[in-house]
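Small disclaimer: the values here were computed from a predicted structure and weren't measured.
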Amino acid sequence: MTTDAPFNISGTIDRVLYKSSESGYACMKLRPDVDANVPYRLKGADGLVAVVGSISELGIGQRLSIAGSIVENRKYGPQVKVESIVMLEPKDIGDIILYLTKNVKSVGPHYAKKIVAAWGMETFKILDTTPEKLYDIKGIDKVRAEGIKKAWAENQSLRDLLLFATQVEIGHAFIAKIHKSYGESAIQTIRDDPYRLARDIVGIGFKKADEIAMNLGVPEVSDIRIRAAALFLLETSAQTDGNCYLFRHDLITKTTEFLENLQITVSMVADVVTKAAELGIIVDDEGRVYSQDLIQAERDAAIRLRAIIESALPRCLSGQHLEVAIAEAVSYTGLELHQTQIEAIDRTMRSKVSVITGGPGVGKTTITKAVVAGYEKAGEGDNHISLSLMAPTGKASKRMTEVIGLQASTIHRRLYSLSKMVRDGDAILEAVQIRGVIIIDEFSMVDIKTFAWLLKFIHHSAILVIVGDADQLPSVGPGSVLRDLLATPSIASTRLTKIFRQAAESDIIRHAHAINEGMSATWRPSRSHRSCRTKG
């Protein structure tokens, strides 16, 4: 696809070929104004011009001026890629009837013609300012008039937002997302705090929100701007470095430096941070400053994890039943297990929450298969125990399925399916929570938000078995959950260190363990490695 020089065109939306309310992307056909200078190659056989971009909020019958560029689509030919839009008044009665029919609920062709017959080219103006005049039109009863008024108000908020966005230089690609997030109060929400855009709308960062704020007259030296910068740096630290919090001193220093304005002093930033904490916008926990969502995730995870730990094991995992299940687990693999592996099985099956960790080749998968067999033994007869296997990625869940022999799923897929069954605050949550034994592999990838979300859907009676390598890099998201769990005394954990024969033959595995133990790993490439050539 190639892009030509900047291009401008005015006209009326005639057809919608495709649109996605999720992404905001759409492809539409524009009927150019008679006096529009349109290259012949842009017009289709119907005389219309294809326009594409984040324009899903536009409707048939809307007249507008588009600034964009001509792009060549291999399959569909030349199109205008929309970059900005200015709303225009309709050119004729036909466009008004078309717009009302296609975009305003409660108005079909019949009633659109009645309205336009009464008001003509003043239709939009009257609907904007004195919609109660609908009651005076013969053939439109009160119920329909109320429906049209409500639908027009919703429609008007979007048209107003389009105009407002042009004035303050909000990119057109964000209009659909903003309208979906804020609805009819979008303009007032942005005026009250333009920096909310950086927090709420994907794709708008602090820099763009700052430009919009300046266009709205927000002073460069102001509490709202300083507070927004501090929140941005907290979020950036979480997403880039995985930090759940910043120390108060570090946050104040970073914010002062980030704003690069000599009038903004450290004491000024400190006052803003203090006020933000007092208002509950951020949380200052003994000098550790959190965003609200991250400290809430930590607190929720801690409360739910404690509830699981403090609840009793099921009866089928007590007394003689438990000893039989552990014996089954130990003998299941048919291998002569190392003492640390036997201890791992025993400790795991006697605990409500347990962690199995260790580097590559130490038998974590063997232990997982063994405890699955033990739980299946304990669940024989009337003592049913459900087993749920999960992993953070599709690749990891697929491998889990293959090596253990039970269907595993990704954490997100399982939780999304459960989320669809529950509305926030609905008492039905407990009914859909996962019970039985839950085994999660590759847990080092799990961040604090995912962990809190996961625990929300785990019943306190469940058994949680966590498997992962604590020496791997921590999760991409904020938090170092696996390492924190290993450091928690009330959680049973086993660190496997014995490298088994087949794994010991791998240079990568031997060197990984050597590095973890603080030893130097000497790499001696094989002949095939020496023959490789790399591009510098």
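In this structure, Phe232 has its ring center under 6.0 Å from that of Phe258.
Side-chain atoms of Leu234 and Ser237, non-hydrogen and from C-beta on, never get closer than 4.5 Å to each other. Between Phe206 and Glu235, the closest side-chain pair of non-hydrogen atoms is not below 4.5 Å. Counting only heavy atoms from C-beta outward, the side chains of Phe443 and Val467 never approach each other to under 4.5 Å. The side-chain heavy atoms of Tyr182 and Ile187, taken from C-beta on, include no pair separated by under 4.5 Å. Using a 4.5 Å heavy-atom threshold, the side chains of Ile411 and Val446 count as touching. Using a 4.5 Å heavy-atom cutoff, the side chains of Lys398 and Lys395 are not in contact. Side-chain contact between Leu216 and Pro194 is present, with heavy atoms from C-beta onward closer than 4.5 Å. By the 4.5 Å heavy-atom criterion applied to side chains, Thr256 and Thr265 are not counted as neighbours.
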**Message:** Determine whether Met349 and Leu322 satisfy the following criterion, side chain to side chain contact (heavy atoms under 4.5 Å, CB included), listing intermediate values before the conclusion.
**Reply:** CA-CA 8 Å; Met349 297 197 67; Leu322 176 60; 4.3 Å; yes

**Request:** Test side chain to side chain contact (heavy atoms under 4.5 Å, CB included) on Ile440 and Leu464 and set out the steps.
**Result:** CA-CA 8 Å; Ile440 304 173; Leu464 183 59; 3.9 Å; yes

**Request:** List the steps and the verdict of side chain to side chain contact (heavy atoms under 4.5 Å, CB included) for Cys316 and Ile385.
**Result:** CA-CA 9 Å; Cys316 60; Ile385 297 179; 3.5 Å; yes

**Request:** Take Leu389 and Ser397, measure what side chain to side chain contact (heavy atoms under 4.5 Å, CB included) needs, and give me the verdict at the end.
**Result:** CA-CA 8 Å; Leu389 274 55; Ser397 65; over 6 Å; no

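Cys27 approaches Val52 most closely through the heavy-atom pair SG-CG1, 3.7 Å. Here the closest non-hydrogen pair linking Ile226 and Met268 is CD1-SD, 3.8 Å. A pairwise comparison of heavy atoms in Pro219 and Met214 identifies O-CE, 4.2 Å as the closest pair. For the pair Thr357 and Ala470, the tightest heavy-atom approach, listed with the atom from each and the gap, is OG1-N, 3.1 Å. Across all non-hydrogen atoms, the minimal contact from Ala378 to Leu317 is CB-CD2, 3.7 Å. Listed here is the closest heavy atom pair of Ile491 and Val355: CG2-CG2, 3.9 Å.
Here the side chain of Thr393 pairs a donor or acceptor atom with the backbone of Ala396 at under 3.5 angstrom. With hydrogens and angles ignored, the 3.5 Å screen pairs a side-chain donor or acceptor of Gln433 with a backbone N or O of Lys456. No side-chain donor-acceptor contact under 3.5 Å links Ser181 to the backbone of Ile178. Side-chain N or O atoms of Gln239 include none that pairs as donor or acceptor with a backbone N or O of Thr236 at under 3.5 Å. In terms of modelled atom types and a separation under 3.5 Å, the side chain of Ser351 and the main chain of Ala492 share no donor-acceptor contact. Asp469 places a side-chain N or O within donor-acceptor distance of the main-chain N or O of Asp471, the cut-off being under 3.5 Å. With hydrogens and angles ignored, the 3.5 Å screen pairs a side-chain donor or acceptor of Thr401 with a backbone N or O of Ala408. Side chain of Thr348 to backbone of Ile345: no donor-acceptor contact under 3.5 angstrom is found. Of the possible polar contacts, one joining the Lys352 side chain to the His460 backbone as a donor-acceptor pair under 3.5 Å is found.
With sequence neighbours excluded, no residue forms a ring pair (Phe, Tyr, Trp, His ring centres under 6.0 Å) with His249. With sequence neighbours excluded, the residues forming a side chain to side chain donor-acceptor pair (under 3.5 Å) with Ser461 are His459, listed by chain and number. Legend: residues meeting side chain to side chain donor-acceptor pair (under 3.5 Å) with Glu184, ordered by chain and number and at least two apart, are absent.
Using a 30° and 60° split on the angle between ring planes, Tyr290 and Tyr245 fall in the tilted class, from 30° to 60°. Relative ring orientation between Tyr25 and Tyr18 is described as tilted, the plane-to-plane angle lying within the 30° to 60° band.
Here the CG atom belonging to Asn243 is positioned 12.0 Å from the CZ atom belonging to Arg288, to the nearest 0.5 angstrom. One distance of note links CD1 of Ile252 with CZ of Phe247; it measures 13.5 Å at 0.5 Å rounding.
Listed by first and then second residue, the salt bridge (Lys or Arg N to Asp or Glu O under 4.0 Å) pairs involving residues 194-208 are Asp193-Arg199, Arg196-Asp200, Lys208-Glu211 (not counting sequence neighbours). Screening residues 245-268 for salt bridge (Lys or Arg N to Asp or Glu O under 4.0 Å), with sequence neighbours left out, gives Arg248-Asp284. Sorted by first and then second residue, the pairs that involve residues 442-452 and meet side chain to side chain donor-acceptor pair (under 3.5 Å), not counting sequence neighbours, are Asp293-Lys449, Ser444-Gln472, Asp447-Thr450. The salt bridge (Lys or Arg N to Asp or Glu O under 4.0 Å) contacts involving residues 399-417 comprise nothing, where partners must be two or more places apart or lie in separate chains. Screening residues 321-333 for side chain to side chain donor-acceptor pair (under 3.5 Å) gives Glu323-Arg350 as the qualifying pairs, with residues at least two apart or on separate chains. Pairs engaging residues 216-233 under the salt bridge (Lys or Arg N to Asp or Glu O under 4.0 Å) rule: Asp210-Arg225, Asp223-Lys275 [sequence neighbours left out]. The side chain to side chain donor-acceptor pair (under 3.5 Å) contacts involving residues 477-496 comprise Arg347-Thr494, where partners must be two or more places apart or lie in separate chains.
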Could you pull out all donor-acceptor pairs under 3.5 Å where a side-chain atom in residues 301-310 meets a protein atom, sequence neighbours excluded?
none

Which pairs of donor and acceptor atoms, one on a side chain in residues 365-377, lie under 3.5 Å apart (sequence neighbours left out)?
unit_1: Thr368; atom_1: OG1; unit_2: Lys364; atom_2: O; d: 2.8
unit_1: Lys377; atom_1: NZ; unit_2: Glu380; atom_2: OE1; d: 3.4

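The neighbour count for Leu279 CG, taken as heavy atoms of other residues, nucleotides or ligands under 6.0 Å away, is above 12.
When only modelled atom types and interatomic distance are considered, Thr410 and His412 share no side-chain donor-acceptor pair under 3.5 Å.
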